[in-house]
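Reviewing the structure listed below.
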Amino acid sequence: MPPRRKAQISSRKQPKQARSTELVATILEAAIQVLAKEGAQRFTTARVAEKAGVSVGSLYQYFPNKAAILFRLQSDEWRQTTEMLRGILENISQPPLERLRTLVHAFIRSECDEASMRVALDDAAPLYRDAPEARQARASGDRIVHAFMQDALPKTPAATRALAADLIKTTLAEVGKGFSESPRTPAEIKAYADAMADMFCAYLRELDRR
């Protein structure tokens with residue numbers, strides 16, 4: 001039996017004119033609304049086209065299937081996260097531990113603000129998580145975190161820095177996801193982020209003393 005062909009996740013073509021760019025933006029905004037309301041399991045191109053007020057044919061000019069739309073939404077989320085990482089962790093005007101604390105607060109707030117969208121995208125992840133495009137999107141964020149660790153722990157062995165980077169990334173992602181699944185007040189978000197930042201900073205201080 002021949003191997004099952006994976007769904008195409010790349011956009012069919014890129015908008016070059018203002019009108020086309022506006023159409024793609026309308027489709028993506030409609031996709032966000034459909035995903036938040038219906039979830040990944042009931043997400044279809046027909047529902048997105050109806051919500052956007054365009055024909056399915058117009059949608060297919062830019063997105064060949066629902067996997068391509070979902071991957072674009074996920075890619076946009078990855079890009080925003082990468083820009084947040086870069087803007088905070090590469091800000092050398094702040095000491096490394098202050099940057100880390102700022103990042104934790106920004107990340108936890110972001111997780112809570114976009115919880116419903118992120119849960120739906122996580123449900124859709126099997127459609128694209130192993131694609132080369134997905135690995136490339138994640139790699140840029142990894143490089144920023146590893147560069148930060150080298151700045152924060154210049155005397156620490158590379159293997160230890162890599163372990164610390166992986167631990168912080170994994171903890172932020174998993175704990176942040178779990179925390180954001182329930183509605184949170186601003187006070188709860190601040191208290192939780194403070195506690196997590198305290199934990200990370202204490203960990204890096206201990207590594208720096210070794």
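Just so you know, these numbers use all the heavy atoms, side chains as well, and skip hydrogens, waters and symmetry mates. Note that the numbering runs from 1 along the sequence shown for the chain.
With respect to the salt-bridge test (charged N to carboxylate O, under 4.0 angstrom), the residues Arg209 and Glu206 qualify.
Put simply, the side chain of Ser110 never gets that close to the backbone of Ala106: no donor and acceptor are under 3.5 Å apart. Judged by distance alone, with hydrogens and angles left aside, the side-chain atoms of Thr170 form no donor-acceptor pair with the main-chain N or O of Leu167 at under 3.5 Å. Between the side chain of Glu188 and the backbone N or O of Thr185, at least one donor-acceptor pair lies under 3.5 Å.
Between the CG atom in Asp208 and the CG atom in Leu204 there is a gap of 8.5 Å [rounded to 0.5 Å]. With rounding to the nearest 0.5 Å, the separation of NZ in Lys66 from CZ in Arg47 is 9.5 Å. Atom CG in Leu100 sits 11.5 Å away from atom OH in Tyr203 (nearest 0.5 Å). Taken to the nearest 0.5 Å, the OG1 atom of Thr81 stands 12.0 Å off from the CZ atom of Arg86. For the atom pair Glu29 CD and Ile32 CD1, the distance stands at 5.0 Å (nearest 0.5 Å). The distance from the CD atom of Glu77 to the CD atom of Glu114 is 6.0 Å, given to the nearest 0.5 Å.
Ring planes of Phe179 and Tyr192: parallel class, angle under 30° (limits at 30 and 60°).
Leu73 and Met84 are not part of a single hydrophobic cluster, where members link through side-chain heavy atoms under 4.5 Å apart. No continuous path of ILVMFWY side-chain contacts below 4.5 Å connects Trp78 to Leu172, so the two sit in separate hydrophobic clusters.
The minimum heavy-atom distance linking Ala165 with Val145 is given by the pair CB-CG1, 3.8 Å. Between His146 and Ala162, the shortest heavy-atom contact is CE1-CA, 3.8 Å. Pro96 and Ala152 get closest at one heavy-atom pair: CB-CB, 3.7 Å. Between Ala31 and Ile69, the shortest heavy-atom distance links the atoms CB-CG2, 3.5 Å. Nearest heavy atom pair, residue Ala49 against residue Leu59, reads N-CD1, 3.9 Å. The two atoms that bring Leu89 and Arg99 nearest to each other are O-NH1, 2.8 Å, heavy atoms only.
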> Between Phe63 and Val48, is a side-chain contact (heavy atoms from CB on, under 4.5 Å) present by the stated rule, with each step listed?
Replying inline: CA-CA 11 Å; Phe63 301 101; Val48 173; over 6 Å; no
>> Evaluate Lys190 against Asp194 for side-chain contact (heavy atoms from CB on, under 4.5 Å), listing each step before the verdict.
In response: CA-CA 6 Å; Lys190 182 180 184 303; Asp194 277 335; 2.9 Å; yes
>> Using the rule given for side-chain contact (heavy atoms from CB on, under 4.5 Å), can you reason through Val24 versus Arg72, listing the C-alpha separation, both sets of side-chain angles and the distance that settles it, and then say yes or no?
In response: CA-CA 11 Å; Val24 169; Arg72 171 62 184 271; 4.0 Å; yes
>> Pair Phe148, Leu103 - check side-chain contact (heavy atoms from CB on, under 4.5 Å), show working.
In response: CA-CA 12 Å; Phe148 166 77; Leu103 174 65; over 6 Å; no
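A heavy-atom distance below 4.5 Å is not found between the side chains of Ile108 and Arg184. Contact of the Leu97 side chain with the Arg205 side chain is registered, since non-hydrogen atoms from C-beta on lie closer than 4.5 Å. Side-chain contact between Leu28 and Asp76 is present, with heavy atoms from C-beta onward closer than 4.5 Å.
Within 6.0 Å of NZ in Lys51 there are 12 or fewer heavy atoms belonging to other residues, nucleotides or ligands.
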